[in-house]
Novice: 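Can you keep this structure in mind? I'll have questions shortly.
None of the values given here were measured: they were computed from a predicted structure. Note: hydrogens, waters and symmetry copies are ignored here, and every other heavy atom, side chains too, is used. Remember, it's 1-based here, ligands and their atoms both numbered in the order they're listed.
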Amino acid sequence: MRLCFAATIALIAAHSLCAADLTGKWAVTPAPPNTELAYYLAATGSTFTGYLSQGQNSLAVTDGKVDGDNVTFTLVRGDVKTIYTGKIAGETMTITVPASAGRGGGRGRGPAFGFGTPPAPNTAPAQPTQQIARRISSAVPPPMPVPPAKETLMPPAAGVKYNNLAKTPPMGWNSWNKFQARVNDQVVRDVADAMVKTGMRDAGYLYVNIDDTWEGTRDAQGNIRSNEKFPDMKTLADYVHSKGLKLGIYSSPGPKTCAGYEGSYQHEAQDAKTWAAWGIDYLKYDWCSATQVYTPDSQPGAYSKMGQALLDSGRAIVYSLCQYGQVDVGTWGANAGGNLWRTTGDISDNWVSMSNIGFNLQVGREKFAGPGHWNDPDMLEIGNGGMNDTEYRTHMSLWSLLAAPLLAGNDLRSVAPDILEILTNKEVIAIDQDAAGKQAVQVAKDGDTQVFARTLADGSVAVGLFNLGSTPVPVTAAWSALKIAGSWNARDLWAHADRGAGTDAVWANVPPHGVVLLKLTK
Ligand code: GLA
């Protein structure tokens with residue numbers, strides 16, 4: 001539709017006389033999963049205003065201008081104003097979303113505006129993306145909806161009782177790092193089979209965890225259903241259990257998950273009961289869109305609500321908090337009934353991401369870890385192809401020293417022998433699973449070298465000599481730094497070799513981005 005003004009000034013170019021009237025509803029296609037993303041615009045001459053709406057959320061559109069086929073407008077997200085440009089062709093508008101515009105820019109998934117978690121650090125330069133919006137109505141839009149007031153939820157004073165699970169850090173597999181939205185019933189069955197066949201199960205990896213994108217709609221009674229990718233969760237759980245494995249699932253305290261699927265908001269107890277009836281053994285609960293409905297202070301309350309619901313479900317369900325380490329989670333995660341809590345944003349399969357999370361963002365958190373409640377520096381990327389074996393051995397060693405959950409994130413249906421060897425090194429897994437549950441302390445840091453050490457239940461000491469630099473260097477752990485004295489025997493847990501005894505320090509030449517992992521025994 002075009003709105004033309006009387007051509008009183010003949011000198012004005014024809015295109016500025018007829019500004020396209022953008023009034024109406026413009027739906028972004030393809031729509032994000034289970035939701036609608038649409039621009040509601042109201043034009044006056046060649047200017048327009050309006051809002052971009054997704055679910056219960058809206059962002060204001062201001063300063064809209066049409067000039068011929070070109071469109072510009074400003075999208076207001078809190079204090080941040082981003083200028084968008086676009087081209088109109090009939091009833092279709094192609095909008096360029098600048099790389100700086102929130103979630104989706106440069107990440108290659110999700111809509112170009114988002115709610116919930118900010119994007120994980122991405123080392124690749126962000127690129128602008130394009131949105132196609134089609135006009136599906138020319139009606140003058142209703143006013144921008146006022147967002148519902150955010151609730152503040154307090155945790156119960158007595159806390160949520162410990163569920164007696166995860167005495168050592170949970171081990172298993174999670175679908176997200178490799179499969180993202182491509183996970184389905186068959187993949188889960190095949191991975192379960194592979195976990196048995198490859199020896200992963202026998203090495204201790206027990207949980208097969210379905211991450212985001214399994215969720216369907218709710219039935220008339222509000223019961224959550226799986227979507228078409230998972231025809232029958234109970235049957236799937238039976239299958240996984242028949243392999244001697246356990247099944248995990250994912251949800252959010254908010255109305256939607258990070259990928260835009262149905263969350264558990266206002267259905268907490270009901271969902272916990274449904275999962276228990278299906279035979280679910282593990283829940284990852286991801287904050288995401290909960291920011292829309294709760295104040296940040298509500299995190300302990302919102303997580304306690306599900307913690308209690310899981311306890312009341314009558315099934316033993318490991319409870320994994322995923323809120324990226326916000327609001328000092330170490331101080332309240334266990335009280336909310338959590339067995340583990342993420343400490344950072346999402347890991348990526350590259351050295352910068354893994355080493356930043358492992359070496360820089362865990363130090364000082366050791367006081368919060370112990371049997372039943374663990375810091376979670378995110379899932380393993382071992383075998384996903386973005387790092388070399390030396391770096392993956394560093395990943396495995398560091399996570400084990402940190403008493404981190406070991407959730408493989410690769411395609412176990414086709415795992416290469418070198419990767420399997422890294423994931424199933426029994427001597428390294430034994431460090432992670434040590435009964436004392438003491439997370440390693442960073443005991444030395446000098447240039448590109450770091451030493452982490454943890455005391456094990458039998459009194460021996462696990463020591464990681466790490467080289468973060470790009471040339472080989474000797475890395476030393478002095479007894480004074482380890483707070484030990486006398487003669488100690490060293491065993492190299494990757495070489496599977498005893499290295500003799502020392503009385504004051506141990507050192508090793510460590511390759512770039514590599515580790516020598518030792519167990520010192522008196
Ligand atoms: C967040 C989490 C990830 C993954 C995705 C799924 O980004 O931190 O681990 O669960 O959501 O959408």
Novice: Report, in ascending order of atom number, the atoms of ligand 1 lying under 4.0 Å from any heavy atom of K284.
Specialist: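 Matching atoms, with element in brackets: 3 (C), 4 (C), 9 (O), 10 (O).
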
Novice: Testing W176, Y250, W287 one by one against C258 for a side chain to side chain contact (heavy atoms under 4.5 Å, CB included), which residue passes?
Specialist: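 Of all the options given, the one that passes is Y250.
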
Novice: Taking 4.0 angstrom as the limit and counting only heavy atoms of D211, give me the atoms of ligand 1 inside it, by number and element.
Specialist: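 Near D211, the atoms of ligand 1 are 4 (C), 6 (C), 10 (O).
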
Novice: Any N or O of Y324 that comes nearer than 3.5 Å to an N or O of ligand 1?
Specialist: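 Looking only at distances, the answer is no, because the N/O contact criterion of under 3.5 Å is not met.
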
Novice: Nearest non-hydrogen atom to atom 11 (O) of ligand 1 belongs to which of N209, D212, D286, T213?
Specialist: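 It is D286 whose heavy atom sits nearest to atom 11 (O) of ligand 1.
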
Novice: Ring centres of Y39 and Y51 under 6.0 Å apart?
Specialist: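 That pair fails the under 6.0 Å test.
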
Novice: Tell me the contacting part of T257 for ligand 1: side chain, backbone, both, or neither, using a 4.0 Å heavy-atom threshold, strictly below.
Specialist: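 For T257, no heavy atom sits under 4.0 Å from ligand 1.
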
Novice: Using a 4.0 Å heavy-atom cut-off, which part of Q180 comes near ligand 1: side chain, backbone, both, or neither?
Specialist: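 Within the 4.0 Å criterion, Q180 makes no contact with ligand 1.
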
Novice: For Y239, is the NZ or CZ atom of R189 found under 6.0 angstrom from the centre of its six-membered ring and inside 45 degrees of the ring axis?
Specialist: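 Yes; both conditions hold, so R189 lies above the ring face of Y239.
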
Novice: Taking NZ, NE, NH1 and NH2 as the nitrogens, is one of them in D238 or K234 under 4.0 Å from a carboxylate oxygen of the other?
Specialist: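 K234 and D238: salt-bridged.
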
Novice: Picking from D211, D378, D212, what satisfies salt bridge (charged side-chain N to carboxylate O under 4.0 Å, His left out) with K284?
Specialist: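 When D211, D378, D212 are each tested with K284, the salt bridge (charged side-chain N to carboxylate O under 4.0 Å, His left out) holds only for D211.
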
Novice: Y303 and side chain to side chain contact (heavy atoms under 4.5 Å, CB included): which single residue from N335, L321, V160 fits?
Specialist: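 Exactly one option meets the side chain to side chain contact (heavy atoms under 4.5 Å, CB included) with Y303, and it is L321.
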
Novice: Check C322 against ligand 1 and report side chain, backbone, both or neither, counting heavy atoms closer than 4.0 Å.
Specialist: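 The side chain, only.
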
Novice: Heavy atoms only: which of D378, L407, N174, D346 is nearest to atom 8 (O) of ligand 1?
Specialist: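 Heavy atom nearest to atom 8 (O) of ligand 1 belongs to D346.
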
